[in-house]
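Computation of the quantities below employed the complete heavy-atom set of this structure, encompassing side-chain atoms and omitting hydrogens, waters and symmetry-equivalent molecules. Since the model is a prediction, treat every value here as computed from it, not as a measurement.
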Amino acid sequence: MTNDKSAQTYGILKDDTPFNQLFPENKVPIISLIPVPPTPEALPCYTVDSQYLSKKQIKELAMLLYEHRKDCTSFKMAIEVVREGLPLNHNWFCGVETSDAKEFFGLMHEEEFFGDEET
């Protein structure tokens, strides 16, 4: 479960991810509704908003990161990556939600700016 602070923007996990046990409601606090690639060659990712994670969630995410990413050379380094904003591949998610009006209207403005790709 998340801290007593209440996040406003969430990514909704698919049912079959390695993160479901950490987020029983399948809701991960994220920084933005828009996934962004952390590096030019990476797939788009949602960035976990660690300020809304419990200490247990931070430790368990760091353990997964340390076990699966070769560039993460220590558990301490993995903790720092999670605290700074862990990018999670957008393919782990089936949707997003927000109660932050500025975030929502920012997304609406962006869709208006880019236009409808089908036309």
What are the two closest heavy atoms between Leu33 and Tyr46, and how far apart are they?
O-CE2, 3.2 Å
So OH of Tyr10 and CZ of Phe93: to nearest 0.5 Å the spacing works out to 13.0 Å
Any salt bridge (Lys or Arg N to Asp or Glu O under 4.0 Å) pairs touching residues 83-92, not counting sequence neighbours?
Glu80-Arg83
Could you list the residues that satisfy side chain to side chain donor-acceptor pair (under 3.5 Å) with Thr39, not counting sequence neighbours?
Glu41
State which residues pass side chain to side chain donor-acceptor pair (under 3.5 Å) with Glu67; sequence neighbours excluded, sorted by chain then number.
none
Could you name each residue pair satisfying salt bridge (Lys or Arg N to Asp or Glu O under 4.0 Å) that touches residues 28-39, not counting sequence neighbours?
none
Heavy-atom pair of closest approach, residues Phe75 and Met63
CE1-N, 3.6 Å
Across all chains, not counting sequence neighbours, the side chain to side chain donor-acceptor pair (under 3.5 Å) partners of Asn89 are Asn91
Return the set of residues passing side-chain contact (heavy atoms from CB on, under 4.5 Å) with Ser74 (not counting sequence neighbours), or none when no residue passes.
Lys76, Met77
Lys70: which residues meet the side-chain contact (heavy atoms from CB on, under 4.5 Å) condition with it, sequence neighbours left out?
none
Under the salt bridge (Lys or Arg N to Asp or Glu O under 4.0 Å) rule, what pairs show up with a residue in residues 29-39, not counting sequence neighbours?
none
Nearest 0.5 Å please: distance from the CD1 atom of Ile30 over to the OG1 atom of Thr98.
8.0 Å
Return the set of residues passing side chain to side chain donor-acceptor pair (under 3.5 Å) with Asp71 (not counting sequence neighbours), or none when no residue passes.
Arg69
Taking all non-hydrogen atoms of both residues into account, name the closest pair between Ala78 and Ala62 and its distance.
CB-O, 3.3 Å
Sequence-distant partners of Thr17, side-chain contact (heavy atoms from CB on, under 4.5 Å), two or more places apart
Leu13, Lys14, Phe19, Asn20, Trp92
